[in-house]
Amino acid sequence: MTDAGVAESIRRGMADCSPAERKVARVLLSAYPSAGFETVARLAERAGVSGPTVLRFVHRLGYRGFPDFQEALRHDLDERSASPLRILASRPPIDGEPQTLRDRAAAITAGTVQRTFAEVSTHDLERCVELISQASGSVVIAGGRYSNLLGRVLSLHLEQLRPRVRMLADQPSARAAMVEDLGRRDVVVLFDYRRYEEPTLRLARLARERHAALVLFTDTFLSPIASEAEVVLASETAAPSPFDALTPALALIETVVAGCFERLGDAAVDRMARADRAAADLGLY
């Protein structure tokens with residue numbers, strides 16, 4: 001097993017599973033984590049497979065058996081709701097000679113970014129670029145208390161490359177109108193990280209009801225929105241502070257922006273040139 005959460009491990013493992021085992025994975029992800037605490041027989045019934053298929057699936061993920069899998073789920077639940085103070089309390093002591101802050105931060109940050117890119121799905125990354133760059137409607141972006149900052153970074157870049165890129169409005173009536181206008185030509189990009197926020201989940205479900213494509217940026221413990229999303233881009237969270245790292249998520253955002261720029265080609269360059277001329281005409285710079 002890796003440092004990823006159980007849900008992310010299930011999602012990654014689906015590619016190597018048999019069709020019957022993938023049914024188990026889908027049931028687990030669609031009702032995560034509660035489905036994992038059911039009996040083997042009940043989970044098998046829900047997935048429409050046999051009990052041995054459930055056991056083969058958890059063995060394929062690297063667990064010794066179903067009790068071991070459920071113990072990992074309990075640990076995962078604790079990690080998914082961990083506050084900065086709990087993260088600090090559970091951090092292991094540093095072995096050996098004390099490192100400088102610079103060296104410690106460099107080692108942790110480099111490792112977190114490297115693991116993020118090693119584990120991110122190439123298919124999901126390319127599909128994210130395709131959805132955002134080719135959407136014939138709007139690209140609507142939203143996040144939570146802190147993750148809204150990540151959404152703002154993505155929005156500021158994308159609006160230079162293509163039209164109809166919007167952050168979800170803060171004002172309630174404007175937000176409701178934007179959600180009501182969503183349709184199958186639109187793409188909704190959501191940011192949701194552990195201590196996941198219920199309003200963001202409700203937004204995801206409303207977007208899917210209106211047949212908009214849904215892209216999710218989250219952590220490796222996986223937001224509940226993962227079961228609703230067409231694309232999931234998960235990043236690791238280890239940081240030199242008690243707070244979850246934003247650097248890996250920013251690296252993924254920059255990669256998506258680079259992909260959109262390449263995909264849009266001359267259209268993006270022309271839009272940037274027109275924006276520069278408009279800014280000069282307005283005396284903005």
Side-chain angles (χ1 to χ4, degrees), residues 1-95 108 111-112 114-124 192-196 201 216 218-229 232-239 242 244-245 248:
M1 298 301 297
T2 69
D3 292 333
V6 175
E8 175 67 356
S9 297
I10 293 170
R11 194 178 69 86
R12 293 176 189 171
M14 288 177 70
D16 299 323
C17 290
S18 69
E21 290 167 350
R22 278 196 289 273
K23 291 181 180 179
V24 180
R26 291 190 187 101
V27 168
L28 286 169
L29 291 177
S30 66
Y32 189 87
S34 59
F37 290 111
E38 296 177 342
T39 65
V40 171
R42 175 60 181 147
L43 181 56
E45 180 184 356
R46 289 185 59 175
V49 300
S50 67
T53 297
V54 173
L55 296 178
R56 282 196 298 272
F57 176 70
V58 298
H59 279 293
R60 188 183 295 277
L61 292 180
Y63 300 102
R64 293 187 299 273
F66 204 66
D68 187 38
F69 172 72
Q70 291 184 321
E71 180 60 30
L73 274 180
R74 282 187 281 273
H75 176 74
D76 198 52
L77 277 177
D78 289 340
E79 291 295 319
R80 283 162 63 92
S81 59
S83 68
L85 286 175
R86 264 192 52 201
I87 294 170
L88 180 63
S90 63
R91 178 174 293 169
I94 299 173
D95 296 328
I108 293 172
T112 306
Q114 287 170 355
R115 288 192 301 272
T116 293
F117 277 95
E119 298 295 345
V120 72
S121 163
T122 300
H123 172 271
D124 277 6
D192 195 34
Y193 296 83
R194 65 176 166 182
R195 304 181 85 182
Y196 310 106
L201 176 58
L216 172 67
T218 187
D219 51 54
T220 54
F221 299 104
L222 287 196
S223 159
I225 297 169
S227 62
E228 307 280 346
V232 178
L233 296 178
S235 54
E236 296 226 1
T237 56
D244 283 348

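Counting begins at 1 with the first residue of the sequence.
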Trainee: Provide the closest heavy-atom pair for R56 versus E21 in the form atom of the first, atom of the second, distance.
Mentor: CB-OE2, 3.6 Å
Trainee: In sequence, state the C-alpha distance, the side-chain angles, and the governing distance for T218 and V232, and then conclude on side chain to side chain contact (heavy atoms under 4.5 Å, CB included).
Mentor: CA-CA 7 Å; T218 187; V232 178; 3.9 Å; yes
Trainee: OG of S9 to CG of L222: how many Å apart, nearest 0.5 Å?
Mentor: 8.5 Å
Trainee: Looking only at heavy atoms, what is the nearest atom pair of Y193 and S235, with distance?
Mentor: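 Shortest heavy-atom contact: CE2-OG, 3.9 Å.
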Trainee: With side chains defined as the heavy atoms from C-beta onward, is the minimum distance between L73 and F37 less than 4.5 Å?
Mentor: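 Heavy-atom side-chain distance check passes, below 4.5 Å.
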Trainee: What are the two closest non-hydrogen atoms of G36 and F66, and how far apart are they?
Mentor: O-CZ, 3.8 Å
Trainee: Taking T112 for its side chain and A238 for its backbone only, find out whether a donor-acceptor pair lies under 3.5 Å.
Mentor: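 A pair under 3.5 Å: yes.
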Trainee: Might you work through the side chain to side chain contact (heavy atoms under 4.5 Å, CB included) test for V6 and L28, ending with a clear yes or no?
Mentor: CA-CA 10 Å; V6 175; L28 286 169; over 6 Å; no
Trainee: A side-chain contact here means heavy atoms from C-beta on lying under 4.5 Å apart; do F69 and I10 qualify?
Mentor: yes
Trainee: What pairs meet the salt bridge (Lys or Arg N to Asp or Glu O under 4.0 Å) rule with one or both residues in residues 35-49, with sequence neighbours excluded?
Mentor: E38-R46, R42-E45
Trainee: Specify the closest pair of heavy atoms between D244 and A239, including all atoms of both residues, with the distance to one decimal.
Mentor: C-CB, 4.4 Å
Trainee: Counting C-beta onward and ignoring hydrogens, is there a side-chain heavy-atom pair between T53 and F57 closer than 4.5 Å?
Mentor: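 They are not in contact (no side-chain heavy atoms under 4.5 Å apart), so the answer is no.
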Trainee: So which atom in D219 and which in T237 form the shortest heavy-atom distance, rounded to 0.1 Å?
Mentor: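 Taking D219 first and T237 second, the nearest heavy atoms are CB-CG2, 3.6 Å.
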Trainee: Are any side-chain N or O atoms of R60 and backbone N or O atoms of S18, one a donor and one an acceptor, separated by less than 3.5 Å?
Mentor: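 No, because the side chain of R60 does not come within donor-acceptor range (under 3.5 Å) of the backbone of S18.
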Trainee: Is there side-chain contact between E71 and R74, with at least one heavy-atom pair below 4.5 Å?
Mentor: yes
Trainee: Closest heavy-atom contact between T116 and P248?
Mentor: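 For T116 versus P248, the nearest heavy atoms are OG1-CB, 3.5 Å.
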Trainee: Please round to the nearest 0.5 Å and tell me the distance separating atom CD of E228 and atom CG of L216.
Mentor: 10.5 Å
Trainee: Quick one, E119 with T220, criterion side chain to side chain contact (heavy atoms under 4.5 Å, CB included). Give me CA distance, side-chain angles, the key distance, then yes/no.
Mentor: CA-CA 10 Å; E119 298 295 345; T220 54; over 6 Å; no
Trainee: Just so I know, are the side chains of R11 and D124 near enough to count as touching, which here means a heavy-atom distance under 4.5 Å?
Mentor: yes
